[in-house]
Amino acid sequence: MADFADTRRFEPAEVEPQVMQRWRDSGLFHGAAQGSSSANYSIAIPPPNVTGALHMGHALNGSIQDTLIRFHRMRGQNTEWILGTDHAGIATQIQVEKRLIEEGSSREELGREAFVERVWQWREEFGGTIIEQLGRLGASCDYERERFTLDAGYERAVRQVFCDLYEDGAIYRDQYLVNWDPGSRSAISDVEVEEREVTDTLFEIAYPLTDGSGEVVVATVRPETMLGDSAVAVNPSDERFAGLIGKRVKLPLTDRELEIIADDYVKTDFGTGALKITPAHDPNDFEIGRRHGLEEIIVIGEDGAMTELAGNFAGLTAAEAQVAVVAALREQGLLRGEEPYTHAVPFSHRSGERIEPLVSLQWFIKMDELAPPAIEAVNDGRVKIHPASQSKRYTDWLEEIRPWCISRQLWWGHRLPVWYRDEETYVGIEAPEGDGWVREEDVLDTWFSSALWPFATLGWPDKTPEYEAFYPTDVLSTARDILFLWVARMVMMGLRFTGEVPFSDVYVHSVIQAPDGRRMSKSLGTGIDPITEIDEHGADAVRFGLLAMSSTQDVRYSRERVEQGQALANKLFNASRFVLLNVGDEVGLEPVVGVGAPVEDRWIVSRLQQVVAETTEQIEQFEFSKAALGLYDFVYGELCDWYLELIKGREFDDQLAATACYVLRSTLALAHPFIPFVTEQLWEAVPGSDGLLIGAPFPLPDEALIDPEAGRRVGDLIVAVTALRSWRSGANVKPGAQIGARINSAALNADAALIARLVRLDLGVFTGDATDSIVVPGGTVEISAGDAIDVEAHRRERTQRRSALEGEIARAEGKLANESFVAKAPADLVAGEQAKLDRLRVELAALDA
RNA sequence: GGGCGGUUAGCUCAGCUGGUUAGAGCACCUGCUUUACACGCAGGGGGUCAUCGGUUCGAAUCCGAUACCGCCCA
């Protein structure tokens, strides 16, 4: 412990590593695998990407989860914060591939086995970064039970789930249109796609009717896909084409003919009103094609090049083919128009390349059986989403869910437990017996394994002690964008495989934006590194700041809030210092607040009970911002500004020492879940503390210590002192000057000495000639020190005050003169208005006296 | 195109089951080596609560419209 006499400031950088080490050594981060999950408290961290580094979202989410975990641990529950990382298929594979390319190699050159080995090496070397960074934040997760979504045990859970769903008939293989990412050469999910505005050229192309009676003109931004057209569609209500439905056209550049079909999807006011249908290369065309049983002709391959089916254009890239097709059409005189066209185009969030929609053979999970129970779980309250407004987004998404494409053409990930031999397909946890079996090359979507996180981390499908003790978990805290991607899938998988919801509460936190309102991102250069912020302001400050600035909507990063947290840590440090420099090593453990105890002791102990009750409720309601700011208000606005100032005039006897240390210990314990480092350090130094604060009980409010009379008295005292200080300031009285005064107020008599000390009044030298009179609760304070007053300043102040009072009086009089108000407003409100008016009139009269 | 959210002090945000003199942090002004803290203390200035209309005795708060900003879905 630092020597308090010499240290005037809290130094986070010195304290944090030592305190973190004491916590780790205590073993309290590691929940005991015993007891029931209903009695225990557990949170599964949303596993960060193993390639990742801590960003503000992680820091906020870590602060939230740690506050919850520490709160419940202090409340005596056996707690477990399940920690680990996600193998992040595409992101990790790309990361390692980049290195190989730098080395002049490639994954193809290495071969699958050596490549995967290389990724594991990479993970060994760099995969621990984000876990270490969480430690800097003070996160009290279970570092001993760290899990990885590719662990051997985890892999077994994944295979089990795959096989069970396959046996259910929920997993199947099909030709389907997927979002093909040419960059990562894999299918990716809808949520990994982002739409961007792009200006393309809209080409109009003539398709001649086979009966020679004319032509149909279609509009498209992808002329090269016409080689895969299998129909032309028009809206059935479109008069322009009424006679053409059922007729045939010749598809230019090929020797094929297409039928003109009718489908409601076609918009009559877009383009020419006639739509070329390419089922294998456009999502909408795919739907129409399936409705009409059209052929799916694949003309663009997975390598982004035109296939054999593209005839003369085979081998060209899609872009080259577009140029060639347009040229050929122009030559044949079939190009009817071209104009710039701006529209939203899908791009891969992973590789940044433009998505090529194409039909390929993929594995899918049907959602028909899985989604309804997950909707039900939220509707009936087994899973509560906070804030509740997010529930609708969750259920809306699940209600419209489509089959989930789970195969990815990657090497890094869970390889599907599927084997082929000629026409046979085998699905099983272990490889099939016999020769000639070839294993499926594809791996599973990373989210497939992540969806099992809350139970696969605990040893499922075995009923391990960890599983029994901590599943289902209690809370899942996450950002909004993960609500579908992950939360919904966890609920579906949890219900299907464990029969229980994986958590009872979902807390959806703010997204922290850059101070200018843009997204925080590395590529934009708008990111702020939480570790830098911790280095500069301390982990407590960053935690407090993030919690204080967060809300139910997105917020801009506010360094001022972090600095507020830093100030709070320092304030607590110095408040403790003040008490500790005045008490000995041995103090009584209970506050002394019975009859006859000083009013300020009774008051602060009473207020503490109320603040503890409020903070407890706010944590339970996930109102972290209110809790953090409420704590700040208590420490600054009550403990330091008033209580510590009020006791400065007293001798630190045993009673005061016991009470002050009790208040200090309770405040440190109350603040610990939010700002753990400074509170832990101070706890050790306060007499009466036992063991580490992280393992100490959270304060329980004691009704018996709530003291309304003390509350009224100190409340009046504060109003009086504030009024008198304001008067002194307005009258330009020298700060040090003692002013002769007499207090005429029954409400304040008992506490006159305290008031006199705080305002530097000399109650003994009142001359009897009042030079001024100040309204205070229950009466007035008369002042008799004319010399000390700056007459000019005083007059200005009074003039200003008078006009303010007159304005308020007029307003109150107006209200009370309004018959409707008196008749219709609640009686106590009217009475309150009258009382206010009376008070204001008294004050105005005193001003004029 | 559909849905949701926002617009309150110079900045970042609370308040929004209708009734307070509309708050906080930071910034700003004045004063202060006051028996912990200048990462401090005391006092103070600053807001027609986006705009327009409605409901009501009473609207930052409820309803409708408009403008601008943002997010999600198609």
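Since we're looking at a predicted model, the values are computed, not measured. Naming: A, B, ... by sequence-line order, numbering from 1 per chain.
The separation between A:Y636 atom OH and B:G23 atom P is 22 Å, rounded to whole Å. Across the protein-nucleic acid pair, A:R393 atom CZ and B:G3 atom C1' stand 10 Å apart, rounded to whole Å. Rounding to whole angstrom units, CD of residue A:E623 and C1' of B:G15 are separated by 13 Å. Atom CD in A:Q800 sits about 13 Å away from atom C1' in B:G46, given to the nearest Å. Taking atom CG of residue A:D554 and atom P of nucleotide B:G6, one finds them 12 Å apart after rounding to whole Å. Computed from coordinates, the A:E645 CD to B:A36 C1' distance equals 9 Å when rounded to whole Å. Atoms CD (A:Q553) and C1' (B:U7) sit 10 Å apart, rounded to a whole Å. Note: CZ (A:F578) to C1' (B:C37) measures 11 Å, nearest angstrom.
Distance check on atom P: B:U7 versus B:G40 gives 30 Å, rounded to whole Å. B:G19 sits 36 Å from B:C29 when the P atoms are compared, rounded to a whole Å. Look at the C1' atom in both B:C11 and B:G46: the space between them is 13 Å, to the nearest Å. One C1' atom belongs to B:U61, the other to B:C16, and the distance between them is 4 Å to the nearest Å. B:C13 and B:C71 are spaced 15 Å apart, taking the P atom of each and rounding to whole Å. One C1' atom belongs to B:G2, the other to B:A9, and the distance between them is 37 Å to the nearest Å. Comparing the C1' positions of B:U55 and B:G64 gives a spacing of 11 Å, expressed to the nearest Å.
Note on ring orientation: taking the six-membered ring where Trp is involved, the planes of A:W727 and A:H794 are perpendicular (angle over 60°, cut-offs 30° and 60°).
Of all nucleotides listed (B:U21, B:A36, B:G44), B:G44 comes nearest to the side chain of A:S726. Proximity note for A:R760 (side chain, C-beta onward) versus B:U34, B:C72, B:U20: the nearest is B:U34. Taking only side-chain atoms of A:R8, from C-beta outward, the nucleotide of B:C41, B:A38, B:C71 with the closest atom is B:A38. For A:T722, whose side chain is taken as the heavy atoms from C-beta onward, the closest listed nucleotide among B:C72, B:A36, B:G43 is B:G43.
A distance below 6.0 Å separates the ring centres of A:F624 and A:Y507.
Residue contacts shown for A:L581 are absent, as no nucleic acid heavy atom lies under 4.0 Å away. Nucleic acid contact for A:K836: sugar-phosphate only, since backbone atoms but no base atoms lie under 4.0 Å from a heavy atom of the residue. Within the nucleic acid shown, A:Q513 has no heavy atom closer than 4.0 Å to any nucleic acid atom. Using a 4.0 Å heavy-atom distance criterion, A:E808 is classed as a base contact. Among the heavy atoms of the strands lying under 4.0 Å from A:D641 are primed sugar atoms or P, OP1, OP2 only; no base atom is included. When heavy atoms are screened at a 4.0 angstrom cut-off, A:S551 is found touching the sugar-phosphate backbone but no base atom.
Not counting sequence neighbours, the partners of A:Y176 by the ring-ring contact (aromatic ring centres under 6.0 Å, His included) test are A:F286, A:F364. Taking A:E806 as the reference, nothing meets the salt bridge (Lys or Arg N to Asp or Glu O under 4.0 Å) condition, with sequence neighbours excluded.
In this structure, the side chain of A:D751 does not engage the main chain of A:L754 through any donor-acceptor pair within 3.5 Å.
Here side chain to side chain donor-acceptor pair (under 3.5 Å) pairs that include residues 544-556 of chain A, with residues two or more places apart or in two chains, are A:R480-A:D554.
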Could you list, one pair per line, each protein nitrogen or oxygen that sits under 3.5 Å from a nitrogen or oxygen of nucleotides 56-62 of chain B, together with the distance?
{"unit_1": "B:C57", "atom_1": "OP1", "unit_2": "A:K824", "atom_2": "NZ", "d": "2.0"}
{"unit_1": "B:C57", "atom_1": "O2'", "unit_2": "A:N818", "atom_2": "ND2", "d": "2.9"}

What pairs of nitrogen or oxygen atoms, one from the protein and one from nucleotides 25-32 of chain B, lie under 3.5 Å apart?
{"unit_1": "B:G25", "atom_1": "O4'", "unit_2": "A:R561", "atom_2": "NH1", "d": "3.4"}

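Stem analysis of RNA chain B (Watson-Crick or G-U pairs, both distances under 3.5 Å, runs of at least three) returns B:1-7 with B:67-73, B:10-13 with B:23-26, B:28-32 with B:40-44, B:50-54 with B:62-66.
The residue among A:N574 and A:R9 whose nearest nucleotide of RNA chain B lies closer to the 5′ end is A:N574. The 5' end of RNA chain B is approached more closely, in terms of each residue's nearest nucleotide, by A:E833 than by the other of A:R725 and A:E833.
Tested against A:D772, the residues A:R801, A:R728, A:R795, A:R798 include a single salt bridge (charged side-chain N to carboxylate O under 4.0 Å, His left out) partner, A:R798.
Within 6.0 Å of CZ on A:R757 lie more than 12 heavy atoms contributed by other residues, nucleotides or ligands. With a 6.0 Å radius and a threshold of 12 heavy atoms from other residues, nucleotides or ligands, A:E819 has its CD atom at or below the threshold.
In this structure, A:K571 reaches the B:C41 phosphate: one of its side-chain N or O atoms is under 4.0 Å from OP1 or OP2.
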